[in-house]
Amino acid sequence: MEQKTPEIGYTERNTAKRRIIRSDGALYLLLLLLTFGLVALTYVLAQRLQINRLYLQIGLYAVLLAVGYAVYRLRLVDYLYELTDQALVVSQTVGNKQKRIAEIPFSAIEEIGAYRKDDAVQAISAYRGKKDEATAIWFREDGNRQILLLNASETLKEKLTEAMYARD
């Protein structure tokens, strides 16, 4: 039995805006300098204040882990929105790796619009920035109403709305 592969009609990638540090090389150099600076700071604090180095190193590792996670979430994670002939597919991409977050058939979509704070449903997150500025897609899955939040352009909203109403 032959499986039909979905035909991708429209693709949009939501990437991080590079405001302050525009190049990856500058970011890596800054992170390297931060690491060496923090190591030197812990050494100086241990010598001057007679603090046990173990405690300072634990704090150093915690700071480096927090900075690394922030860089990962704010700079390296992108979202890929694809409209196939049957569904909206949302993937989280980091480098060459893709992780599918949601695949929503057009028949399951109920509404597309701005996010409303009064919705008590836990949202699937695939957006950057403020939650109030994200585009919300309400859909039914296994009888439950769910929300997908994404940063959709006007073109994606139009194509998604057309596909949603074309099913009827």
Side-chain angles (χ1 to χ4, degrees), residues 8 11-83 87-104 108 111-154 156-157 160:
I8 297 174
T11 301
E12 187 172 293
R13 189 176 191 112
N14 183 299
T15 60
K17 290 187 173 108
R18 298 175 182 221
R19 293 183 182 126
I20 299 170
I21 303 170
R22 294 180 186 257
S23 75
D24 289 337
L27 174 68
Y28 298 137
L29 182 65
L30 184 67
L31 290 175
L32 187 64
L33 290 174
L34 175 71
T35 303
F36 285 134
L38 287 174
V39 169
L41 179 66
T42 57
Y43 178 76
V44 169
L45 287 175
Q47 294 296 322
R48 293 231 173 126
L49 302 176
Q50 299 298 318
I51 299 174
N52 189 351
R53 272 194 185 161
L54 176 65
Y55 300 131
L56 290 174
Q57 287 175 348
I58 290 172
L60 168 71
Y61 291 138
V63 168
L64 290 176
L65 237 131
V67 168
Y69 183 74
V71 167
Y72 171 77
R73 292 295 300 166
L74 299 174
R75 181 76 180 243
L76 300 177
V77 174
D78 296 337
Y79 295 103
L80 183 66
Y81 312 132
E82 297 177 330
L83 289 178
L88 167 68
V89 179
V90 179
S91 302
Q92 181 183 36
T93 61
V94 178
N96 292 331
K97 294 172 99 178
Q98 284 191 4
K99 176 181 150 187
R100 186 169 285 180
I101 295 174
E103 184 173 347
I104 305 168
E111 183 182 351
I112 301 168
Y115 176 72
R116 297 185 299 257
K117 291 181 182 180
D118 59 346
D119 284 326
V121 179
Q122 177 68 27
I124 301 169
S125 174
Y127 71 97
R128 295 186 187 289
K130 297 178 183 176
K131 198 178 220 181
D132 297 338
E133 296 172 0
T135 301
I137 298 174
W138 290 268
F139 65 98
R140 292 244 177 232
E141 184 175 68
D142 299 329
N144 298 324
R145 190 167 197 218
Q146 294 188 2
I147 302 173
L148 171 68
L149 297 176
L150 46 89
N151 295 104
S153 67
E154 290 301 320
L156 180 64
K157 287 180 197 176
L160 191 56

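Computed from a predicted structure; not experimentally measured.
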>> Restricting to non-hydrogen atoms, name the atom on Ala114 and the atom on Trp138 that form the minimum distance, rounded to 0.1 Å.
In response: O-CH2, 3.2 Å
> What distance separates Tyr79 OH from Lys99 NZ, expressed to the nearest 0.5 Å?
Replying inline: 9.0 Å
>> I need the minimum non-hydrogen distance between Leu27 and Val71, along with the two atoms involved.
In response: CD2-CG1, 4.0 Å
>> Is there a side-chain contact between Tyr43 and Arg53 in this structure, where contact means two heavy atoms from C-beta onward sitting under 4.5 Å apart?
In response: yes
> How far apart are the closest heavy atoms of Ser125 and Ile101, and which atoms are they?
Replying inline: O-CD1, 4.2 Å
>> For Ile124 versus Phe139, what's the shortest heavy-atom pair and its separation?
In response: CD1-CZ, 3.9 Å
> Ile137 versus Leu160: any side-chain heavy-atom pair under 4.5 Å?
Replying inline: yes
> To the nearest 0.5 Å, what is the distance between CD (Glu111) and CZ (Arg116)?
Replying inline: 4.5 Å
> Can you tell me how far the CG atom of Leu150 sits from the CD1 atom of Ile112, to the nearest 0.5 Å?
Replying inline: 9.0 Å
>> I need the Leu60 CG to Leu65 CG distance, nearest 0.5 Å.
In response: 10.0 Å
> Looking at CG of Leu80 and CZ of Arg100, how far apart are the two atoms once the value is rounded to the nearest 0.5 Å?
Replying inline: 10.0 Å
> Which value, rounded to the nearest 0.5 Å, describes the distance between Leu148 atom CG and Thr135 atom OG1?
Replying inline: 9.5 Å
>> Looking at every non-hydrogen atom in both residues, tell me the closest pair between Asn151 and Glu12 and how far apart they are.
In response: O-OE2, 3.7 Å
> Do Thr93 and Arg13 touch side chain to side chain, with heavy atoms closer than 4.5 Å?
Replying inline: yes
